[in-house]
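A quick write-up on the structure given underneath.
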Amino acid sequence: MLKDEFNEEDKLKEELDRFQVIVPEQKRRQKQTAWQRFIHYLASPAKDPLEKATVTLTGLNLTRMVPLALGVGMSVIQLWIHM
């Protein structure tokens with residue numbers, strides 16, 4: 001079963017239809033150990049919390065400049081306090 005977006009690609013569909021994949025039922029039904037679940041958790045992809053902000057050029061520039069501005073601001077405050 002291909003996703004709908006790949007059904008339009010005739011050459012890709014032909015190449016993939018040449019292969020037959022057999023998933024062993026016994027392996028699939030086998031209960032995972034705690035270690036296997038932990039490794040699977042570590043290997044699973046994480047969501048990018050800044051994805052919405054970095055999609056646009058303005059958002060990307062803000063994610064670069066805000067930490068710089070905060071660092072300069074904190075340095076100025078520390079200089080002002082110690083004077």
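As the structure is a computational prediction, the values presented were derived from the model and not from experiment.
When the side chains of ILVMFWY residues are joined at heavy-atom separations under 4.5 Å, either directly or via intervening members, Tyr41 and Ile39 end up in a single hydrophobic cluster.
In this structure Glu14 satisfies the side chain to side chain contact (heavy atoms under 4.5 Å, CB included) test with no other residue, sequence neighbours excluded. In this structure, the ring-ring contact (aromatic ring centres under 6.0 Å, His included) partners of Trp35, at least two apart in sequence or on a different chain, are Phe38.
Closest non-hydrogen pair, Lys31 versus Gln36, comes out as O-OE1, 4.3 Å. Here the closest heavy-atom approach between residue Arg37 and residue Gln32 is recorded as NH1-O, 3.0 Å.
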Output side-chain donor-acceptor pairs under 3.5 Å for residues 60-69, partner residues at least two apart or in another chain, one line each.
residue	atom	partner	partner atom	Å
Asn61	ND2	Leu57	O	3.4
Thr63	OG1	Gly59	O	3.4
Thr63	OG1	Leu60	O	2.7

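Hydrophobic side-chain contacts under 4.5 Å tie Trp80 into a cluster, directly or through other members, with Ile77, Ile81.
Atom CD of Gln78 is separated from atom NE2 of His82 by 6.0 Å, given to the nearest 0.5 angstrom.
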